[in-house]
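What follows is a single structure, written as structure tokens, with notes after it.
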Amino acid sequence: MVRTLAKSVREYKKSSILSPIFVSVEVILECLMPLVIMQFIEAIQVNQDSIAMNTIWKYGGILLSMALLSLVFGMLSGRFAARASAGFAKNLRKDMYYAIQDYSFSNIDKFSTSSLVTRLTTDITNVQMAYMMIIRVAIRCPLMLIFSLAMSFTVNVTISWIFLAIVPVLACVLVIVILKTHPVFVKVFKKYDAMNRSVREDIKGIRVVKSFVREDYEKEKFNNTSEEVRREFTLGERIMAVNAPAMQFCIWLAFLLIFLAGALLTRDGRPVREDEMTVLIMYASQILSSVMQLSMVLVMIIIARTSAERVVEVLQEKSNIVSPENAVKKVESGDIVFENVNFKYSQNAEKYALSGVNLHIEEGQTIGILGGTGTSKSTLVNLIPRLYDVTEGAVYVGGINVKDYDLEELRNKVAMVLQKNVLFSGTIKENLRWGKEDATDEEMQHVCKLACADDFIQAFPDKYDTYIEQGGTNVSGGQKQRLCIARALLKDPKVLILDDSTSAVDTKTDAVIRKSFKESIPNVTKIIIAQRVSSVQDADQIIIMDGGKIVAVGKHEDLLKTNEIYQEVYYSQNKIGGAANEQN
């Protein structure tokens, strides 16, 4: 885990090294100051009647200089620690984001969206805070403990053994707290994921919530998840709350034992001088306060450990779909072949989502796919651009197995308009250029005309510079679909897949779009998943799916005569035809 996280330090290694160096100098100065104070007190005691001002100025100047130097080195250490931790968090967030971008759909399925957001925000913040403490406070405290303990032995060996006796007690308290709290915080972050999921769903679906008047239900659901987070976090905080009182108790116990030991030694004829007692108390404060600070660091590390594990889990997750060595860099044609394809989403799944698929689609053909909900229509087309990989069998595009292609080239030539149309905040031009970064205004207008989007864009005051709100909330569902189709066309694909992407447009516009495709992009293979028969009845082939299998392939007229599923869908959508069929 540490090795994985350390890779994100990169250009902040220098700051990460300088911070401990400066804090080490700060600690050395602070540990030497009590010895200087002891010498000063001794000088005063020896020369009580004739103490010279130059002695006062001498020791005062030394102490002031040491204090100022300690302050400077402490400030430098804090500055570099802040720079290193913030930079480390930036790199870590960047590495996580880039890793997620490389995920396949199956990798993304492993993590919920809310969990990934939590890991990119809360978890990284926890790791950042822990890293800053590790390179500064976690270095300072052990050094302070060791140096102060060593210095105290030079002053009085007998009393210094008290420190050595108390430190293990404090260590035992810390170990118990660590062992008890870590499992609790593992549960806490899972509850955080659930709470964030609830918030995300509620905000994303706020229009549905309001239209069904379900505000009270959503509030109650949020309160429940929030209460679970509170309950688990309270348990963790309750355990950690033992830490501070235990440390404070040990500090006061140490002071009591120091005075008791000093009194006993004096009674036995081995008096402890005032300057020694003063310095020992100062070292006791440094030792015990450093242990207390170290306990706070360890508590933070306990919380951050859980976060670090979750971050590393994302970083170490490797995409199971990557470009092969010596990958094919060019898709020659839109010819598609499914050969004995079986597919399931998980290796542990008992049932195949697709089974026994054999299919040949020629370049330039228009293919329609019909079937009920859950018949794996989308799953079938997701295999073409390798959004998922087949479990068994093979898929070929342009006569080459899709696994042999460079992923970027394959997906650039297999344009896909998904079921859930997504537009990003930005202008219409910026959204369209997702299809082609250097697209000219003429190219964008051309594809928008093909997708029947140009007319409504021209009606906007800012036309193609119209700003699209996040999620495309300021355009209708049909307009959003047409913009997504235009964006896909800008890729100049060999294969165009429309996954139920005209469901929100009227039948007339749907027909115009299909006509423009036929006339303007005749060599592009077009696969249309639809719920309306009218959207696919003019296709070269219509594929009927049921239960993850292809049960029929044919033209509209043939299927209308031979396939019951197609007949049922057709007549249910055409009442006149249905009535005539019943009379016959």
Side-chain angles (χ1 to χ4, degrees), residues 104-105 321-343 354 357-369 377-390 392-418 434-439 443 446-447 450-451 484-499 501-502 513-530 535-536 538-543 545 550 553-555:
S104 67
F105 276 25
I321 297 179
V322 295
S323 300
E325 292 184 15
N326 303 316
V328 178
K329 297 288 187 179
K330 186 176 182 181
V331 179
E332 296 291 348
S333 75
D335 190 78
I336 301 170
V337 175
F338 285 77
E339 187 177 274
N340 300 320
V341 169
N342 295 315
F343 172 78
L354 286 171
V357 176
N358 286 281
L359 184 65
H360 182 202
I361 301 171
E362 295 179 4
E363 182 180 23
Q365 281 191 322
T366 298
I367 305 298
I369 302 179
K377 302 184 297 296
S378 296
T379 303
L380 179 73
V381 296
N382 282 340
L383 299 178
I384 300 172
R386 284 193 77 194
L387 298 179
Y388 292 97
D389 265 342
V390 298
E392 297 170 4
V395 178
Y396 299 88
V397 173
I400 296 174
N401 193 319
V402 292
K403 293 183 179 180
D404 295 331
Y405 279 112
D406 176 73
L407 268 179
E408 185 174 345
E409 174 63 19
L410 176 65
R411 291 176 181 173
N412 272 330
K413 291 303 178 182
V414 180
M416 194 166 184
V417 184
L418 300 170
W434 274 64
K436 184 180 179 183
E437 292 183 11
D438 58 349
E443 288 174 321
H446 173 67
V447 295
L450 293 181
C484 290
I485 292 171
R487 180 174 62 189
L489 289 172
L490 262 181
K491 295 176 74 172
D492 188 25
K494 296 289 185 180
V495 179
L496 176 64
I497 300 172
L498 304 180
D499 189 354
S501 303
T502 57
I513 292 173
R514 285 185 282 112
K515 182 181 178 182
S516 66
F517 284 178
K518 187 175 182 179
E519 295 174 352
S520 301
I521 50 173
N523 296 323
V524 175
T525 304
K526 299 164 282 290
I527 301 176
I528 302 170
I529 297 176
S535 297
V536 298
D538 295 329
D540 297 304
Q541 291 187 82
I542 300 173
I543 298 170
M545 296 192 68
I550 295 177
V553 179
K555 289 183 174 291

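Panel note: side chain Arg411, backbone Pro385; a donor-acceptor pair is recorded below 3.5 Å. Using a distance-only test at 3.5 Å, with no hydrogens or angles considered, a donor-acceptor pair links the side chain of Ser323 to the main chain of Leu407. In terms of modelled atom types and a separation under 3.5 Å, the side chain of Lys526 and the main chain of Val524 share a donor-acceptor contact.
Between the CD1 atom of Ile369 and the CG atom of Leu498 there is a distance of 10.5 Å, given to the nearest 0.5 Å. Rounded to the nearest 0.5 Å, atoms CD1 (Ile497) and CD1 (Ile336) are 6.0 Å apart. The NZ atom of Lys329 lies 13.0 Å from the OH atom of Tyr405; values are rounded to the nearest 0.5 Å.
Evaluation of the salt bridge (charged side-chain N to carboxylate O under 4.0 Å, His left out) rule for Asp492 yields no partner, not counting sequence neighbours. Evaluation of the side-chain contact (heavy atoms from CB on, under 4.5 Å) rule for Val447 yields Ala486, Leu489, Leu490 as partners, not counting sequence neighbours. Residues meeting the side chain to side chain donor-acceptor pair (under 3.5 Å) test with Tyr388, sequence neighbours left out: Asp109. A search for side-chain contact (heavy atoms from CB on, under 4.5 Å) contacts involving Ala488 returns Ala415, Val417, Leu496, not counting sequence neighbours. Contacts of Gln365 classified as side-chain contact (heavy atoms from CB on, under 4.5 Å), with partners at least two apart in sequence or in another chain: Ile361, Glu362, Ile367, Asp540, Gln541. For Lys491, there are no salt bridge (charged side-chain N to carboxylate O under 4.0 Å, His left out) partners at least two apart in sequence or on another chain. Remark: Ser378 engages Asp499 in a side chain to side chain donor-acceptor pair (under 3.5 Å) (not counting sequence neighbours). Taking Arg386 as the reference, Asp389 meet the side chain to side chain donor-acceptor pair (under 3.5 Å) condition, with sequence neighbours excluded. Judged as a side chain to side chain donor-acceptor pair (under 3.5 Å), and not counting sequence neighbours, the contacts of Asp335 are His360. Not counting sequence neighbours, the partners of Glu443 by the salt bridge (charged side-chain N to carboxylate O under 4.0 Å, His left out) test are Lys436. Residues satisfying the side-chain contact (heavy atoms from CB on, under 4.5 Å) test with Glu409, not counting sequence neighbours, are Val331, Asp406, Lys413.
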Practice problem: Apply the test side-chain contact (heavy atoms from CB on, under 4.5 Å) to residues Val397 and Thr525: give CA-CA distance (whole Å), side-chain angles for both, the deciding distance (0.1 Å), then the verdict. | Solution: CA-CA 11 Å; Val397 173; Thr525 304; over 6 Å; no
- Message: Under the criterion side-chain contact (heavy atoms from CB on, under 4.5 Å), I'd like the reasoning laid out for Val390 against Lys403: C-alpha separation, chi angles, the key distance, then a yes or no.
- Response: CA-CA 10 Å; Val390 298; Lys403 293 183 179 180; 4.2 Å; yes
Test Leu383 against Phe343 for side-chain contact (heavy atoms from CB on, under 4.5 Å), laying out the working first.
CA-CA 9 Å; Leu383 299 178; Phe343 172 78; 4.0 Å; yes
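Counting all heavy atoms, side chain and backbone alike, Ser516 lies closest to Leu450 at OG-O, 2.8 Å. Minimum heavy-atom separation, Ala394 to Asn401: CB-ND2, 3.6 Å. When all heavy atoms are compared, the tightest approach of Ile527 to Val495 is CD1-CG1, 4.4 Å.
For residues 514-524, the set of pairs meeting the salt bridge (Lys or Arg N to Asp or Glu O under 4.0 Å) definition, not counting sequence neighbours, comprises Asp510-Arg514, Arg514-Asp538.
The side-chain heavy atoms of Val402 and Val414, taken from C-beta on, include no pair separated by under 4.5 Å. Using a 4.5 Å heavy-atom cutoff, the side chains of Phe338 and Ile550 are not in contact.
Atom CD of Glu408 is surrounded by 12 or fewer heavy atoms from other residues, nucleotides or ligands within 6.0 Å.
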